[in-house]
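Take a look at the structure set out below.
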Amino acid sequence: MRTSAIPVTALVLALAAADLPAAAAESGMGWFVLRDRTSGDCWTGRLISINGQYATGKDQIAGGPFASEEEAEAHRETLVERSTCTQD
């Protein structure tokens with residue numbers, strides 16, 4: 001039995017046509033300090049807000065949103081000094 005390729009083709013075309021950077025800008029982006037729950041390691045990264053929520057997966061948000069990577073890095077260094085984050 002042969003399956004139709006039309007739904008897959010339509011999905012590929014829809015993803016190719018999506019303007020993901022514009023969508024990210026409209027929904028909101030910010031710099032954050034993220035923390036691994038197990039190891040305590042922290043790092044900076046950008047997250048996208050969708051419907052007012054920042055998705056992080058399994059990591060904790062340890063600070064943010066910040067306007068720049070430099071602000072987020074300064075906060076990460078403060079968290080290391082306070083032993084909230086481990087030294088890298």
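Contact between R37 and K58 at its shortest, heavy atoms only, is NE-O, 2.8 Å. Across all their heavy atoms, Y54 and G30 have their closest contact at CE2-N, 4.4 Å.
Put simply, CD on E77 and OG1 on T44 are 10.0 Å apart, with the number rounded to the nearest 0.5 Å.
Listed by chain and residue number, R35, L79, R82 satisfy the side-chain contact (heavy atoms from CB on, under 4.5 Å) test with T84 (two or more places apart in sequence, or in another chain). Scored by the side-chain hydrogen bond (donor to acceptor under 3.5 Å, both in side chains) test, E73 finds R76 as partners (sequence neighbours excluded). For the side-chain contact (heavy atoms from CB on, under 4.5 Å) test, residues two or more places apart in sequence or in another chain that qualify with S39 are D36, D41.
Both W31 and V33 belong to a common hydrophobic cluster when Ile, Leu, Val, Met, Phe, Trp and Tyr are linked at side-chain heavy-atom distances under 4.5 angstrom. No chain of hydrophobic side-chain contacts below 4.5 Å, direct or via other Ile, Leu, Val, Met, Phe, Trp or Tyr residues, connects F66 to I61.
The stretch residues 48-79 participates, sequence neighbours left out, in no disulfide bond (SG atoms under 2.5 Å apart) pair at all. For residues 51-85, the disulfide bond (SG atoms under 2.5 Å apart) pairs, not counting sequence neighbours, are C42-C85.
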Could you walk me through whether W43 and D59 pass the side chain to side chain contact (heavy atoms under 4.5 Å, CB included) test, one step at a time? CA-CA 10 Å; W43 62 94; D59 302 314; 3.5 Å; yes

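Counting only distance, with no hydrogens or angles, the side chain of H75 and the backbone of A62 share a donor-acceptor pair below 3.5 Å.
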